[in-house]
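Quick notes on the structure that follows.
For the numbers below, each heavy atom of this structure counts, side chains included, while hydrogens, waters and symmetry mates do not. The chains referred to below are lettered A, B, ... by the order of the sequence lines, with proteins before strands, and numbering in each begins at 1.
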There are 4 protein chains.
Amino acid sequence: MAETRYQRRKEERPDEIAEAAFDVFSEHGYAGARVDEVARKAGVSKGLLYLYFKTKEELFKAVVMRVISPRMDALIERLSTSEQSAEEFLRGPLTQFMQQLPRSRARVVIKLMISDGSRHPDLVDFYWESVASKGLALISSIIERGVSSGEFRKTAVSELPQLVIAPMMVATVWKIVFADRSLDTDRLVSTHIDMLVSYLKTERSKTR
Amino acid sequence: MAETRYQRRKEERPDEIAEAAFDVFSEHGYAGARVDEVARKAGVSKGLLYLYFKTKEELFKAVVMRVISPRMDALIERLSTSEQSAEEFLRGPLTQFMQQLPRSRARVVIKLMISDGSRHPDLVDFYWESVASKGLALISSIIERGVSSGEFRKTAVSELPQLVIAPMMVATVWKIVFADRSLDTDRLVSTHIDMLVSYLKTERSKTR
Amino acid sequence: MAETRYQRRKEERPDEIAEAAFDVFSEHGYAGARVDEVARKAGVSKGLLYLYFKTKEELFKAVVMRVISPRMDALIERLSTSEQSAEEFLRGPLTQFMQQLPRSRARVVIKLMISDGSRHPDLVDFYWESVASKGLALISSIIERGVSSGEFRKTAVSELPQLVIAPMMVATVWKIVFADRSLDTDRLVSTHIDMLVSYLKTERSKTR
Amino acid sequence: MAETRYQRRKEERPDEIAEAAFDVFSEHGYAGARVDEVARKAGVSKGLLYLYFKTKEELFKAVVMRVISPRMDALIERLSTSEQSAEEFLRGPLTQFMQQLPRSRARVVIKLMISDGSRHPDLVDFYWESVASKGLALISSIIERGVSSGEFRKTAVSELPQLVIAPMMVATVWKIVFADRSLDTDRLVSTHIDMLVSYLKTERSKTR
DNA sequence: AATGAATGAGTATTCATTCAT
DNA sequence: CATGAATGAATACTCATTCAT
C-alpha cells in the first residue's frame with residue numbers, strides 16, 4: 001500500500017528505533033537484547049537500524065541518554081527556582097517526583113544502570129553527572145536552606161541526601177522485581193517524607 | 001599422593017563451580033556470563049560442569065539459591081527469637097544486618113533479581129517466599145510488637161516495612177552502580193533507623 | 001546558473017563514475033570494493049550509479065574495458081605501421097611502452113586480471129583477445145621481421161614473446177606489491193632489451 | 001561411524017583447516033573468501049575453525065606464512081652452499097627452481113601478495129624479509145661471484161636480480177591469469193637463462 | 001569421573017540492490 | 001534525472017551444549 005515504506009519521515013526513524021530499543025533493552029538488558037527484535041518492533045529492517053546506529057552499543061547509549069537527558073535538567077530547573085519553604089518543597093514537588101518515578105521510564109534507566117552499568121562506565125559517568133549528582137545536590141541544598149532559615153535543625157541528612165530518596169529507590173526496585181506484587185508506593189514515599197520532615201523539625205535531637 | 005585432595009575435591013566440586021559461577025554471574029549478569037569462563041575460574045572442564053549442572057539456567061538458579069537459602073532462615077530464626085525491645089532490635093541486629101548487606105554476597109542476589117529476575121520468575125518467586133516476604137513480615141511483626149507494647153505509636157510503617165529497609169536498598173544500589181564513588185552507607189542506615197525510631201516514638205502524629 | 005556544469009555532467013556522469021570505480025577497484029579489488037564508496041567518490045547517489053551500471057559486476061567490466069579498449073588498438077596501430085628496423089623498434093617504442101606501463105593505469109588492469117580474473121572469465125577473454133594476444137603477436141612479428149631481414153638470428157624468442165615483456169611484468173608486480181621499496185624499473189627494462197638484442201644478434205649460438 | 005569425529009587428531013586440525021583455507025583464499029582472494037567455505041572444505045564446523053584461528057585475518061596470515069616459511073630458508077640454504085660455478089648454478093638449480101615455481105603453491109602466495117598485499121602490509125613485510133629480499137640477494141651474490149671469478153663480465157644485472165627472475169614472474173602470472181592458454185613455461189625460463197648467461201659472458205659490452 | 005574437541009544454532013554487522021519520492 | 005532511505009540476504013564470529021575418548 002501507499003502507507004508503507006516512505007510514509008514515515010526519516011527524521012522520525014531514529015526516534016522510532018530508539019523507542020523500540022528502549023522496550024527491548026528494558027526487558028532483556030544489554031546482553032540479552034537482540035538487535036533483530038529491536039528492528040522488528042520498530043517495524044524496520046536491520047539494515048536501516050544500522051544506518052542510524054552504528055553498533056548495538058551506540059544504540060544502547062543513545063537509548064539511555066535519550067531518557068536521561070531532557071528529564072533531569074528540566075526537573076532541576078523547575079525545582080530549584082521554586083519559592084517554597086523547604087518543607088513545602090519536600091512535601092510538594094519532591095514527593096510528586098518520587099512518587100511518579102517508579103512508574104516512569106526513568107525506572108528503566110535505573111534498571112539498566114544496575115544491570116549493565118559496570119560494562120558501560122561512560123554511561124554511568126554520564127548518569128552521575130547529569131542526573132545523580134545534580135539531583136542529590138539539589139536535595140542537599142533544599143535541606144540546607146531549611147536549616148539556614150531555622151525551619152529545620154541540623155542533622156546528618158544534609159550530607160546524606162540519599163536518605164531522602166530512599167523510598168523512591170525501594171519503590172523502583174520493587175516495581176522492577178516484584179511488579180505484580182502490590183505495594184502502595186505513593187504512600188511509601190509520602191510516609192517517608194512525613195517521617196523525614198518530622199525528624200528534621202524535632203526539637204530534641206535523638207541522633208546517636 | 002594427590003589422592004586426598006582429589007577425593008576431597010570430588011565432593012566439593014559443585015560448590016567450587018557454583019562459587020566461580022557466582023563471580024561470573026555477578027560481574028556479567030545471566031545473559032552476559034559465559035559458561036566457559038565459569039569452568040575456567042572453577043578450574044574444571046566444561047564437561048564436568050555440565051555433569052553437575054544440566055544447563056546454564058540450572059547453574060544460575062543453583063547459584064542464586066545457594067546464596068539465598070541458608071542466609072535468611074538463619075537470620076530470621078535468630079532475629080525472631082530475640083527477647084529485645086523493638087527499639088533495641090531496630091537499633092541493634094537489624095541495623096547491623098542492613099549495614100553489612102550492601103557489602104555482602106546478598107548484594108549480588110539483589111543485582112541479579114533486578115537485572116535477570118524478569119526472565120527467571122521462579123527465582124523471583126523463590127526469593128520472595130524465602131527472603132523478601134519473610135524478612136518484611138519479620139520487620140512488620142517487630143514494629144507491631146512495639147506498638148502492642150506501647151513502645152511505639154500506631155503508624156503506616158507497620159504496613160510498610162519497605163520503609164525500614166529503604167536505606168539498605170539505596171546503599172546496595174549505590175554500591176552496585178557507583179562502587180567507586182564514596183558513600184558512608186553505615187551512617188546512612190543508622191541515621192535512617194534513628195529517624196525511624198524517633199518517628200515511631202513521637203507523641204503527635206503528623207501522618208497525613 | 002549551474003546549468004552548464006549540470007548539462008555537461010549529465011553526459012560525463014558514466015565517465016566520472018567509472019573513474020571513481022577505477023580507483024576503488026584498484027585499491028580493494030572486486031570483492032573488497034564497495035559500491036557506496038564508488039558513488040561517494042564520484043559525487044553521485046547510489047541510485048544514479050545504478051542507472052548507468054546495472055550491477056557491480058557490470059561496473060567492474062566497464063571499468064576494466066574502458067582502460068583496455070582504446071589503449072591497445074592505438075598502440076598496436078602505431079607500432080605495426082612503423083618503418084623502423086626490428087632493433088630500433090625494440091630499443092625505441094617498445095622500450096618506452098614497457099617502461100611507462102608499470103606507472104600507468106594499465107598496471108591496475110593487470111592487478112585486477114590477476115586478483116579477480118578467475119571469477120570474471122569473460123573479462124579475461126576480452127583482455128586476451130584485445131590486448132594480450134595482439135600485443136604478443138605484434139612482438140613475435142617484429143622479431144620475425146628481424147629474422148627475415150637477416151638482422152636477427154633464429155631463436156626460441158620468436159615463439160616466446162613473453163620473454164620480451166618479462167621485465168615489464170616484474171616491474172609491474174613490483175610496483176603493486178612493493179610500491180615503497182625502490183627499484184629502477186626503467187633500467188630494468190632497458191637492460192633487458194639490451195640483453196635481448198645482444199642475444200638475437202649473436203653469431204655463434206649458445207642455446208643448449 | 002567410528003571413523004568420524006575423533007578419528008583425526010587435534011594436532012592435525014590446524015593443518016587441515018589451513019590446507020582448505022589455502023584453496024579457498026587461492027581461488028577467491030581474501031575479501032572474496034568465505035569462512036564457511038573453508039570450514040566446509042576442511043570438513044569441520046565453523047566453531048572449530050574459530051577455535052584454532054581467532055579471526056579470518058589470522059587464518060589468512062597463517063595460511064600465507066605456512067607456505068612461505070619452510071620453503072625459502074631451505075631453498076636458500078641449499079643454493080648458497082653449492083660449490084658450482086655461477087653458470088652451473090644459473091643453468092642448474094636456479095633454472096629448476098624457477099621452472100617449478102609457477103606450478104607450485106608459491107604461485108598462490110604471489111597471487112595473494114598482488115591481490116591482497118596492500119591491505120596486509122605486515123604480510124608483505126614478512127614476505128619481503130623472508131623471501132623476496134633473501135632470494136634476490138642470493139641471486140645478486142651468485143652473479144657477483146661469477147664476476148669476481150672472471151666467469152662473467154660486469155653488467156647492470158648484478159644490481160638488478162629482478163632481471164634474472166623475470167621469466168618466472170611472467171610464467172607465474174600467466175598461469176594465474178591464462179591458466180588454460182598453453183605456454184611452455186619451462187622453455188621460457190631456460191631460454192631466458194640461456195640469454196642471460198650469453199649476455200654475462202659476452203666480451204664486448206652493449207649496455208647503454 | 002573427567003576432558004576438551006567439536007558442533008550448530010544464533011547474533012551482530014555489512015553491502016549490493018531497489019524504489020518511493 | 002536524481003536521491004538516499006530502505007531492504008534482506010549474506011557473512012564473520014560466539015557460545016551453550018554434546019560426546020568420543
Checking contacts here: which listed nucleotide ([options]) is nearest the side-chain heavy atoms of [X]?
X        : options                  : answer
Leu48(B) : dA5(E), dA12(F), dA2(E)  : dA2(E)
Val35(C) : dA5(F), dA12(F), dT17(E) : dT17(E)
Arg34(C) : dA2(E), dT3(E), dC15(E)  : dC15(E)
Ser45(D) : dA12(F), dA6(F), dG8(E)  : dG8(E)
Val44(A) : dT7(F), dT7(E), dT17(F)  : dT7(F)

Using atom [atom1] of [X] as one end and atom [atom2] of [N] as the other, report the distance to the nearest whole Å.
X        : N       : atom1 : atom2 : answer
Ile17(A) : dT7(F)  : CD1   : C1'   : 13 Å
Leu49(D) : dA9(E)  : CG    : C1'   : 17 Å
Glu58(A) : dA12(E) : CD    : P     : 15 Å
Glu37(D) : dA12(F) : CD    : C1'   : 15 Å
Tyr50(A) : dA9(F)  : OH    : P     : 17 Å
Phe53(B) : dA1(E)  : CZ    : P     : 13 Å
Asp36(D) : dT14(F) : CG    : P     : 14 Å
Phe60(C) : dA16(E) : CZ    : P     : 13 Å

[N] - base-pair partner by Watson-Crick or wobble geometry, distances under 3.5 Å:
N       : result
dA2(F)  : dT21(E)
dG10(E) : dC13(F)
dC15(E) : dG8(F)

**OP:** Take Leu51(B) and Lys56(C), find for each the nucleotide of DNA chain E with the closest heavy atom, and name the residue whose nucleotide sits nearer the 5' end.
**Re:**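 Whichever sits nearer the 5' end wins; that is Leu51(B).
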
**OP:** Would you indicate what Ala33(B) reaches in the nucleic acid, counting non-hydrogen atoms under 4.0 angstrom: base, sugar-phosphate, or nothing?
**Re:**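 Contact class for Ala33(B): sugar-phosphate only.
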
**OP:** Please name all residues satisfying side-chain contact (heavy atoms from CB on, under 4.5 Å) with Tyr50(C), sequence neighbours left out, ordered by chain then number.
**Re:**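 Checked Tyr50(C) against side-chain contact (heavy atoms from CB on, under 4.5 Å); matches are Val35(C).
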
Original post:
Starting at the 5' end of DNA chain F and moving along, which residue's nearest nucleotide shows up first, Gly47(D) or Gly47(A)?
Top reply: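 Checking each residue's closest nucleotide, the 5'-ward one belongs to Gly47(A).
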
Subject >> Which residue lies more 5' along DNA chain F, comparing Ala31(D) with Thr55(B) via nearest heavy atoms >> reply: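 The answer here is Ala31(D).
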
Original post:
Quick one: the side chain of Lys46(C) and the base of dT17(E), do they pair up donor-acceptor inside 3.5 Å?
Top reply: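 Indeed there is one.
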
Original post:
Quick one: does Glu58(A)'s side chain have a donor or acceptor within less than 3.5 Å of a partner on Lys54(A)'s backbone?
Top reply: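 Judged by distance alone, yes, a pair lies under 3.5 Å.
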
Original post:
Do the side-chain N or O atoms of Arg40(B) get closer than 4.0 angstrom to the phosphate oxygens (OP1, OP2) of dG4(E)?
Top reply: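 It does not, given that no N or O in the side chain of Arg40(B) lies less than 4.0 Å from OP1 or OP2 of dG4(E).
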
Original post:
Do the side-chain N or O atoms of Tyr52(A) get closer than 4.0 angstrom to the phosphate oxygens (OP1, OP2) of dA5(F)?
Top reply: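 Tyr52(A) to dA5(F) OP1/OP2: no side-chain N or O under 4.0 Å.
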
Subject >> Minimal non-hydrogen separation, Lys111(C) against Glu27(C), with atom names >> reply: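 Minimum heavy-atom separation between Lys111(C) and Glu27(C): NZ-O, 3.9 Å.
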
Subject >> Minimal non-hydrogen separation, Ala33(A) against Val24(A), with atom names >> reply: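 Heavy atoms of Ala33(A) and Val24(A) come nearest at CB-CG1, 3.7 Å.
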
Original post:
Do Val64(B) and Met113(B) touch side chain to side chain, with heavy atoms closer than 4.5 Å?
Top reply: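 Yes, their side chains come closer than 4.5 Å.
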
**OP:** State plainly whether the residues Asp122(C) and Lys61(C) are in salt-bridge range, i.e. N to O under 4.0 Å.
**Re:**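 Here Asp122(C) pairs with Lys61(C) in a salt bridge, since their nearest N and O are under 4.0 Å apart.
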
